[in-house]
Amino acid sequence: MLFAFVCKDKPGYLNVRMETRPAHVEHLNKLNAEGTLKMAGPFLDAEGKPNGSLVIVEAESVEAAVAIADADPYTKAGLFESVEIKPFNWVFNKPEA
């Protein structure tokens, strides 16, 4: 099952995002190599600066998805003000379709 992580950064935490980005990208690369990561990228503010994230993963359960989200270096660094984890149905433009 697919799960979408809709993550909102804490205001004023761009420096935390940028300092933690290499570890975050390494984490996503690992998930991608395992076939768990389906897509990911930042949300942008009006100036084009990242202020949140959308990550879509495949997991067996919501509990497994939560564990994946909790393991993200951004989460561990305290970057996010909120993280919503929602079941996701990829209908259009899915690469395997």
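In this structure, Met1 is not a member of the same hydrophobic cluster as Met39, with clusters built from ILVMFWY side-chain heavy atoms closer than 4.5 Å. At a threshold of 4.5 Å between side-chain heavy atoms, the hydrophobic network of Ile, Leu, Val, Met, Phe, Trp and Tyr places Phe3 and Leu37 in one connected group. Taking hydrophobic clusters as Ile, Leu, Val, Met, Phe, Trp and Tyr residues chained together by side-chain heavy-atom distances below 4.5 Å, Leu54 shares a cluster with Trp90. Val6 and Ile56 end up in the same hydrophobic cluster when Ile, Leu, Val, Met, Phe, Trp and Tyr side chains are linked at under 4.5 Å. Following chains of ILVMFWY side-chain contacts shorter than 4.5 Å, one cannot reach Val57 starting from Leu2, and the two form parts of different hydrophobic clusters.
The local environment of OH in Tyr13 is sparse, with at most 12 non-hydrogen atoms from other residues, nucleotides or ligands closer than 6.0 Å. Within a 6.0 Å radius of NZ in Lys10, more than 12 heavy atoms belonging to other residues, nucleotides or ligands are found. Glu34 CD: more than 12 foreign heavy atoms inside a 6.0 Å radius.
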Checklist entry - Could you go step by step and tell me if Lys30 and Glu26 meet the salt bridge (charged side-chain N to carboxylate O under 4.0 Å, His left out) rule? => result CA-CA 6 Å; Lys30 180 178 179 278; Glu26 182 179 327; over 6 Å; no
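Here the closest non-hydrogen pair linking Ala77 and Thr20 is CB-OG1, 3.7 Å. The heavy-atom pair separating Leu44 from Gly48 by the smallest distance is CD2-O, 3.6 Å. Smallest separation of non-hydrogen atoms from Arg17 and Pro42: NH1-CB, 4.2 Å. Across all non-hydrogen atoms, the minimal contact from Ala40 to Leu28 is CB-CD1, 4.0 Å.
Contact annotation: the side chain of Phe5 never approaches that of Asp72 to less than 4.5 Å [non-hydrogen atoms, C-beta and beyond]. Residues Arg21 and Pro50 have side chains not in contact (no heavy-atom distance under 4.5 Å, counting atoms from C-beta outward). Under the 4.5 Å side-chain criterion, counting only non-hydrogen atoms from C-beta, Thr36 is in contact with Ile68. Side-chain contact between Asn29 and Val25 is present, with heavy atoms from C-beta onward closer than 4.5 Å.
In this structure, Phe80 and Tyr74 have perpendicular ring planes: the angle between them is above 60°, well past the 30° mark.
A donor-acceptor pair is defined here as one N or O able to donate and one able to accept, closer than 3.5 Å; no such pair exists between the side chain of Ser53 and the backbone of Cys7. Side chain of Lys38 to main chain of Gly35: a donor-acceptor pair is present (N/O by atom type, distance under 3.5 Å, no hydrogens or angles).
A salt bridge links Lys86 with Glu84: the closest approach of a Lys/Arg side-chain nitrogen to an acidic carboxylate oxygen falls below 4.0 angstrom.
Atom CG of residue Asn51 and atom CD of residue Glu81 lie 10.5 Å apart, to the nearest 0.5 angstrom.
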